[in-house]
Protein chains: 2
Amino acid sequence: MKSPKDKIFSFYISRKRMPSYAEIMRLVGFRSKNAVYKLINRLVEEGSVLKDTTGRLIPARALSEVPLLGLVEAGFPSEADAQTLDTIDINEYLFDHKEVSYLLKVKGDSMIDAGIHEGDLVMVERGRSAKTGDIVIANIDGGWTMKYLRKKGDKTYLEAANKKYKPIYPEQELQIAAVVKGVVRKY
Amino acid sequence: MKSPKDKIFSFYISRKRMPSYAEIMRLVGFRSKNAVYKLINRLVEEGSVLKDTTGRLIPARALSEVPLLGLVEAGFPSEADAQTLDTIDINEYLFDHKEVSYLLKVKGDSMIDAGIHEGDLVMVERGRSAKTGDIVIANIDGGWTMKYLRKKGDKTYLEAANKKYKPIYPEQELQIAAVVKGVVRKY
DNA sequence: ATTATAAGTGAACTATCGTTCACCATGCAA
DNA sequence: TTGCATGGTGAACGATAGTTCACTTATAAT
């Protein structure tokens, strides 16, 4: 059986707003708005819900947050500790500048030694200056690739993270379109 | 200068709810709620905002969505095409069962050949049955590790994705705590 | 059994909600 | 010049918001 709190948060997730007191009343099965009022006060006190200056409800923490455990080697905490865990929002973790961020699906194995496999999504930021050693999305002599950006003397070139492939020295122009800032893989 | 639409969405992001008509009025600089009413109707028509059955506003798409381009090799579309791009919500992409999902920070290089590096976050699901070949978080003879789950005959053992390390055959018990379902890396 | 505390009912209150109406200003087409 | 969309003002509407009050039931401790 779902707790009142879960029902309220489910409402928020599906409707993208908090329910009104009358709606919570129907949701939870109360016959009085005042019962809701007291329920909400309890939730506010325990910190899982906040109130606006106007009294309207907002969820206390981003519902997209996920518990972040420590290192793998530390293993799992007991269920009892689960409440005290740190949580992070993977969106906020991954995207610093959402306006210039894009996701690209990876094809090929040229960056496999950098831990980027075929089928992964790479998060790239467009229009940022790339430093030597960055992984970049580049347009070289007409074709697009993802490679390490390297420099030898004053010559800039691209290098794969896979011994199968040779470094690429641009014949005409080397245009950096975006810098790879993150990787997401799903099994 | 921010457009009215951007101001409304900024409000939603920071306050986790849509503004009321009176609030939009102050936000945009109108002196009449009716001007807001007409503005909203335009936004509803263009599809960037939706209305509840009760008239209350909800953002049309999850604001956490990010444009998803095609393959790396296809490169970047022109700015003009940017509106027609597909978008995905990285949260929904990554987490299928949020209730049992955790993030773990990776230590060590034992899974490096599987493209999982030190410092990466792995997304694990707890309490799921693991298949042979899955990457699992296991408690083996008292210590926690992340390894491939392998089987030889009826014997289950763990194998690293790094030739430096030998397979681990459990002496007493092999307890699978979670299955790795995703990886997130940030540069 | 008695009492104290917590939780729910039902009705009322004011403020604000989204909506509607009549009206005004501007710009562009005929 | 006229006509007519387009986008804004200002006031008013009923409906619903969150809140409060007085009262009743349920729970648990002594």
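Letters go in sequence order (proteins before strands), and every chain restarts at 1.
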- Note on the structure: From OH of A:Tyr21 across to C1' of C:dA15 the rounded distance in Å is 15 Å
- Task: Using a 4.0 Å heavy-atom cut-off across all strands, classify A:Tyr37 as base, sugar-phosphate, or nothing.
- Result: base
- Message: Test your reading of the model: is there a side-chain donor-acceptor pair from A:Asn162 to the backbone of A:Asp109, 3.5 Å cut-off?
- Response: yes
- Task: Answer yes or no on whether B:Arg17 is positioned over the face of B:Tyr12, meaning its NZ or CZ is under 6.0 Å from the six-membered ring centre and within 45° of the axis.
- Result: no
- Message: From CD1 of A:Ile24 over to C1' of C:dT9, roughly how many Å is that when rounded to an integer?
- Response: 17 Å
- Message: For B:Tyr93, does the six-membered ring have the charged nitrogen or CZ of A:Lys186 within the cation-pi criterion, i.e. under 6.0 angstrom from the centroid and within 45° of the normal?
- Response: yes
- Check: A:Glu118 side chain, A:Gly108 main-chain N or O, donor-acceptor pair, under 3.5 Å: yes
- Comparing nearest nucleotides in DNA chain D, the 5'-proximal residue of the pair B:Lys38, B:Arg56 is B:Lys38
- Within this structure, what is the CZ-to-C1' distance between A:Phe30 and D:dT24, rounded to whole angstrom? 15 Å
- Indicate, yes or no, whether a donor-acceptor pair under 3.5 Å links the base of C:dG10 to the side chain of A:Ser32. yes
- Using atom CG of A:Asn41 as one end and atom P of C:dA7 as the other, report the distance to the nearest whole Å. 12 Å
- Message: Go nucleotide by nucleotide along DNA chain C from the 5' end; which of A:Arg42 and A:Lys33 gets its closest nucleotide reached first?
- Response: A:Arg42
- Item | Whole angstrom value for the distance that separates P of C:dG18 from CE of B:Met25 | 12 Å
- Message: I need the CD1-P distance between B:Ile8 and C:dG18, as an integer number of Å.
- Response: 11 Å
- Task: Please evaluate the base of C:dG18 for a donor-acceptor partner in the side chain of B:Lys51 within a cut-off of under 3.5 Å?
- Result: no
- Query: How many Å lie between CG on B:Asn34 and P on C:dT20, as a whole number?
  - Reply: 10 Å
- Task: Please report, rounded to the nearest Å, how far the P atom of C:dA6 is from the CG atom of A:Leu39.
- Result: 16 Å
